[in-house]
There are 2 protein chains.
Amino acid sequence: MKERMDQIKKELHAQSYKLTPQREATVEVLLENEEDHLSAEDVYLLVKEKAPEIGLATVYRTLELLNELEIVDKINFGDGVSRYDLRKEGADHSHHHLVCIHCGSVSEIEEDLLGDVEKKVERDWAFKIKDHRLTFHGVCVNCQTEHEASDEAPTLKAAHP
Amino acid sequence: MKERMDQIKKELHAQSYKLTPQREATVEVLLENEEDHLSAEDVYLLVKEKAPEIGLATVYRTLELLNELEIVDKINFGDGVSRYDLRKEGADHSHHHLVCIHCGSVSEIEEDLLGDVEKKVERDWAFKIKDHRLTFHGVCVNCQTEHEASDEAPTLKAAHP
DNA sequence: GTCCTTGCAAAAGGTTTGCACCAGG
DNA sequence: CCTGGTGCAAACCTTTTGCAAGGAC
């Protein structure tokens, strides 16, 4: 985790940005909640615990910066908020997601499943792919067994009714 | 196009919804701009030409209704607005998209490229897939040749700066 | 009459921006 | 100093909602 922070610090410096305390706290939160697909507001609340004086706007500005540097991916599951997902070390593309339509939980697929598909698209559609977004909507293991389950602890804050 | 409208009318009636003039005008607009990934505002402006008295709220309500009935897919390319994409006749899933990061154009892939991938996900992650969202971000044919091209006529209204 | 649907306006989020201020080279 | 970064509040935009009125059966 420490190494990751150093690496991010370098990437910032390489573009002549500073790793200010606010930015550091934000990155820490992202590192500590790597699996959680936090919204800007979520990040803000968590960062406030480390740096109570931080403003929401700074969090937005930091997340946007990290997104531009391709350190995080801004993703959208159609529930009205943007979520920010730290890229895996060295990954050159966004990973995939499984969104449960019952409990709202989101899990990740780190394995790249699109190698062949991307080759085909580049060949047949003459499109130069830089990145992708792949999300499956369906029913997670838990909700498949507990057929009526909707009282899970969802990773996603609130599935809109 | 006429048949499609009748089919949609039936689907509405099947759920005891009416095809009011406002709803019909909205569906017409979607049919006439099937390739265009319109936002609610876009749809509103176009519908106003046919039915000037319509309100924006009605357009939103109609689009939401059509989305629930799986007649349109609500999609999001990360530019801050939802776009509405008519499903192909009989399709049981959302089709794929190619978004050009230069000119903002969006084109569609109707062929389902995810058959094998979905099998693998259902098997290895025990996730019951109901639908998917797949979008590639990259450079379209036009922008690959005209290297500096950004003055294309974009299908997507405005790529946020 | 009853229920569905609509238009308008207001409200409700989420996100961005303007501006004064602060800190480090 | 000068610049980049920050906090606060206001502004902005998209989307949703409350409510009275209109229409079909």
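By convention in this document, chain letters (A, B, ...) are assigned in the order of the sequence lines, proteins followed by strands, and residues within each chain are numbered from 1. Basis for what follows: all heavy atoms, side chains included, without hydrogens, waters or symmetry-related copies.
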Rounded to whole Å, CD of E64(A) lies from P of dT15(C) at a distance of 12 Å
Tell me if the aromatic rings of H93(A) and H132(A) count as close, with their centers under 6.0 Å from one another.
yes
Separation of dT16(D) atom P from E68(B) atom CD, nearest Å, is 11 Å
Review point. Base, sugar-phosphate alone, or nothing: which one does L56(B) contact when heavy atoms must sit under 4.0 Å apart?
Key: base
Review point. Taking OP1 and OP2 of dT6(C), is either one under 4.0 Å from a side-chain nitrogen or oxygen of T20(B)?
Key: yes
Considering only heavy atoms and no angle criterion, is a donor-acceptor pair shorter than 3.5 Å present between the side chain of R61(A) and the base of dG4(D)? no
The nucleotide from dT15(D), dT15(C), dG7(D) with an atom nearest the side chain of S82(A) is dT15(C)
note: L63(B), atom CG; dT15(D), atom P; distance rounded to Å ~ 10 Å
Note: for K18(B) and K74(B) on DNA chain D, the residue whose nearest nucleotide lies more 5' is K74(B)
I8(A) vs E24(A), test: side-chain contact (heavy atoms from CB on, under 4.5 Å). Steps then yes/no.
CA-CA 9 Å; I8(A) 290 171; E24(A) 186 163 13; over 6 Å; no
Atom CD of E41(A) and atom C1' of dA12(C) are separated, to the nearest Å, by 13 Å
Would you call K88(B)-E108(B) a salt bridge at under 4.0 Å N-O? yes
When rounded to whole Å, the CD to P distance for the pair Q15(B) and dT5(C) reads 12 Å
Whole-Å distance, E53(B) CD to dC8(C) P, equals 9 Å
Against the side chain of T58(A), the closest entry in dT6(D), dT5(C), dG14(C) is dT6(D)
**Asked** OP1 or OP2 of dT15(D) sitting under 4.0 Å from any side-chain N/O of Y60(B)?
**Response** yes
Rounded to whole Å, the CG-P distance (N76(A) to dT14(D)) equals 15 Å
Quiz item: Crowded around K50(A) NZ? As in, over 12 foreign heavy atoms under 6.0 Å?
Solution: yes
| message | Are H96(B) and F136(B), when compared by the centres of their aromatic rings, separated by less than 6.0 Å? | response | no
Taken to the nearest whole Å, CZ/F77(A) to P/dG14(C) is 17 Å
Of dT6(D), dT6(C), dT16(C), the nucleotide closest to the side chain of Q22(A) is dT6(D)
